[in-house]
J.: 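One structure, pasted below without further comment.
The basis for the numbers below is simple: all heavy atoms, side chains too, and nothing from hydrogens, waters or symmetry mates. None of the values given here were measured: they were computed from a predicted structure.
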Amino acid sequence: MSNFKELGLSQQILAALSANGFEKPTPIQTQAIPQVLNGRDLIGLAQTGTGKTAAFGLPMIEKLLADGRRADPRNIRALVLAPTRELVNQIAANLKLFVKKTPLKVGIVVGGVSINKQTEQLARGVDILVATPGRLLDLVARKALTLTQGRYLVLDEADQMLDLGFIHDLRKIAKLVPKNRQTLLFSATMPKQIAELAGEYLTDPVKVEVTPPGKAADKIEQYVHFVPGKDLKTQILKQSLTNNPDGLSLIFSRTKHGAEKLMKHLDHVGFKAASIHGNKSQSQRERALKAFRDGEIRVLVATDVAARGIDIPGVTHVYNYDLPEVPDAYVHRIGRTARNGRDGIAIAFCTPDEIRLLRDIEKLMGIEIAVASGDAPADQARSPRGHGGRGNGQNRGNGGGQRQDKAPRRKRPAREPAVTGFAGDELLREDRPQNHDRRDQRVTGHGHHDGRSEGNRNHEARKHHHGRPGPQDSHRGRSDGNRRQDMRRTGKGGGRQG
DNA sequence: AAAAAAC
């Protein structure tokens with residue numbers, strides 16, 4: 001199926017699509033649209049960025065238009081639930097594009113903003129309401145809204161809603177929407193509770209799966225820096241940001257406090273940065289996101305509030321400043337880059353006490369993340385407590401044999417000489433991002449298995465800063481020399497972790 | 001263990 005028309009969409013929708021530059025349906029759209037048009041309940045296993053919103057939105061709009069009714073005051077005809085306010089705004093923005101030339105109204109209901117405007121909006125009549133669960137139930141309790149005319153219920157990012165403890169709210173809401181509705185459930189993963197939820201609230205659903213685990217991460221170059229402590233994370237981060245003056249960098253922190261602190265530091269040393277997390281007001285969050293989206297600021301520090309679904313086209317780098325406690329979150333975080341067919345780079349920092357987390361992540365994805373630093377050859381660096389190398393027979397790749405576009409990834413020889421000399425102490429003295437020695441921070445993308453690469457010309461001059469050679473920059477991930485590279489450096493003083 | 005989400 002190569003165009004939207006063949007999927008059964010009407011002229012009105014097709015016009016809106018071409019006006020907004022939608023040309024070819026994505027796989028999930030191709031699979032889901034005809035099913036939804038046929039009235040089927042649907043379970044979609046997919047991440048955002050795959051075109052999910054259009055996959056459920058277009059056929060839903062089509063059917064809402066076809067039945068020719070208008071929304072009664074305080075009654076909605078379709079309800080879309082999502083876990084975060086930002087995601088709700090994003091979904092609604094997309095749907096609004098689709099309904100622009102139709103009489104349909106899209107409404108937004110989220111917490112953190114004035115409830116009165118939402119009440120007024122609902123009183124005027126909303127056909128498609130996009131909401132977070134808490135405020136929605138609040139409005140229902142206030143009788144500002146009833147769901148008794150609801151014909152469509154969409155649960156987006158259902159697994160995250162589960163993680164965030166929305167399961168009870170979801171059940172409550174699902175019971176408020178009449179049984180003769182059509183229900184569409186989207187989830188990146190399918191944990192038992194979501195499967196149960198689907199069994200309870202969906203009728204004979206058709207399953208659509210477009211992103212097998214790991215697949216979405218396939219276009220993303222991934223590296224991990226082993227560092228002894230947090231200071232070095234910051235130093236390496238700053239250098240890396242300096243090396244990437246054009247793209248947008250999204251940095252994930254484990255805590256709200258940590259995100260704020262890091263943002264303030266980066267801002268203080270000259271990177272225009274903003275932060276987004278749950279301690280910020282909704283207007284601050286929205287402002288930060290907009291400035292980042294518009295490229296006004298290039299650096300956004302976030303908690304997992306921004307881990308999922310957020311679609312910002314210009315994000316070239318995702319940093320896991322802290323590794324997430326839940327391995328799933330890593331996949332979602334890095335999925336903020338390499339969207340819409342673009343490339344992306346994901347750089348993680350790993351302190352000794354985060355190694356457990358890294359291993360969980362690698363296990364989940366079925367890959368081994370290329371080592372960007374450490375003080376020993378990669379295999380040993382991966383096992384800093386000296387239990388010998390791991391990775392025996394472990395393959396890079398997505399573990400599912402689905403890589404189609406790359407040469408096989410090579411495992412690095414265990415005793416490769418170290419090349420990435422980097423005077424960590426020098427760097428620590430830098431207060432501001434500098435450009436003058438950028439070349440030193442890069443290595444060629446491939447083929448330096450002889451232990452030398454052109455990015456290390458100054459290595460000899462720097463080596464004496466260490467008592468011994470720094471670590472090899474293991475770059476096992478690619479054989480494609482044209483890919484952009486990020487800096488890879490050793491840790492301060494080459495300290496071994498553990 | 002932290003994050004998000006209702007006031």
Side-chain angles (χ1 to χ4, degrees), chain A residues 48 79-92 108-119 122 129-145 147 155-174 176 187-189 191 193-194 230 250-263 275-286 288-289 300-310 318 320-333 335-336 350-351 353-358 360-361:
Chain A
T48 18
L79 175 63
V80 181
L81 290 176
T84 65
R85 299 164 184 173
E86 280 74 14
L87 214 41
V88 164
N89 287 331
Q90 185 175 289
I91 293 166
I108 296 176
V109 155
V110 294
V113 295
S114 156
I115 201 167
N116 292 338
K117 281 185 188 158
Q118 293 175 358
T119 308
L122 290 163
L129 186 68
V130 194
T132 47
R135 179 59 70 87
L136 181 86
L137 286 171
D138 193 353
L139 284 162
V140 169
R142 291 165 187 247
K143 307 223 184 302
L145 163 69
L147 300 174
L155 308 175
D156 202 2
E157 304 279 358
D159 51 350
Q160 192 188 9
M161 291 207 269
L162 179 77
D163 287 349
L164 294 179
F166 288 152
I167 191 88
H168 299 298
D169 288 350
L170 286 191
R171 287 176 187 281
K172 261 188 235 167
I173 294 165
L176 293 173
S187 194
T189 58
Q193 282 168 286
I194 294 295
K230 212 146 196 167
L250 181 56
I251 304 162
F252 284 100
S253 157
R254 194 173 53 91
T255 64
K256 295 182 275 197
H257 181 69
E260 196 59 18
K261 205 175 138 199
L262 179 60
M263 181 278 286
S275 66
I276 179 167
H277 53 72
N279 280 355
K280 294 247 160 165
S281 73
Q282 195 53 29
S283 67
Q284 286 173 313
R285 280 162 59 166
E286 279 163 24
L289 208 55
L300 185 67
V301 189
T303 59
D304 275 333
V305 68
R308 300 195 191 212
I310 302 296
V318 170
N320 278 275
Y321 184 81
D322 302 308
L323 287 175
E325 294 284 339
V326 182
D328 277 13
Y330 176 86
V331 183
H332 294 297
R333 287 176 176 189
R336 296 318 98 217
C350 182
T351 54
D353 52 356
E354 289 176 305
I355 283 169
R356 166 183 64 87
L357 307 175
L358 181 71
D360 288 347
I361 289 163

J.: Between A:D159 and A:R308, does any NZ, NE, NH1 or NH2 come within less than 4.0 Å of an OD or OE carboxylate oxygen?
T.: yes

J.: Indicate, with a heavy-atom threshold strictly under 4.0 Å, whether A:R142 touches base, sugar-phosphate, or nothing.
T.: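 Nothing: the residue A:R142, judged by heavy atoms under 4.0 Å, touches no strand.
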
J.: Please state how far atom CD in A:E325 lies from atom P in B:dA4, giving the value in whole angstrom units.
T.: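 It is 15 Å, rounded to the nearest whole Å.
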
J.: With distance as the sole test, does A:Q160 use its side chain to make a donor-acceptor pair with the main-chain N or O of A:P83 at under 3.5 Å?
T.: no

J.: As a test of understanding, state which of A:E260, A:K280, A:H277, A:H257 forms a side-chain contact (heavy atoms from CB on, under 4.5 Å) with A:T303.
T.: A:H277

J.: Round to a whole Å and report the spacing from CG of A:D328 to P of B:dA1.
T.: 19 Å

J.: Report the distance from atom CD1 of A:I173 to atom C1' of B:dA6, rounded to the nearest whole Å.
T.: 12 Å

J.: My understanding is that only one of A:L129, A:I91, A:I108, A:L87 makes a side-chain contact (heavy atoms from CB on, under 4.5 Å) with A:V80; could you say which?
T.: A:I91

J.: In whole angstrom, what separates A:L136's CG from B:dA6's P?
T.: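 Interatomic distance, CG of A:L136 to P of B:dA6: 9 Å.
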
J.: Kindly say if A:R308 contacts the phosphate of B:dA4, meaning a side-chain N or O under 4.0 Å from OP1 or OP2.
T.: no

J.: Less than 4.0 angstrom between a side-chain N/O of A:T132 and OP1 or OP2 of B:dA6, yes or no?
T.: yes

J.: Does a nitrogen or oxygen in the side chain of A:R85 sit under 4.0 Å from OP1 or OP2 of B:dA3?
T.: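 For A:R85, the contact criterion (side-chain N or O under 4.0 Å from OP1 or OP2 of B:dA3) is not met.
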
J.: Measure CG/A:D138 against C1'/B:dA4 and give the value in whole Å, please.
T.: 17 Å

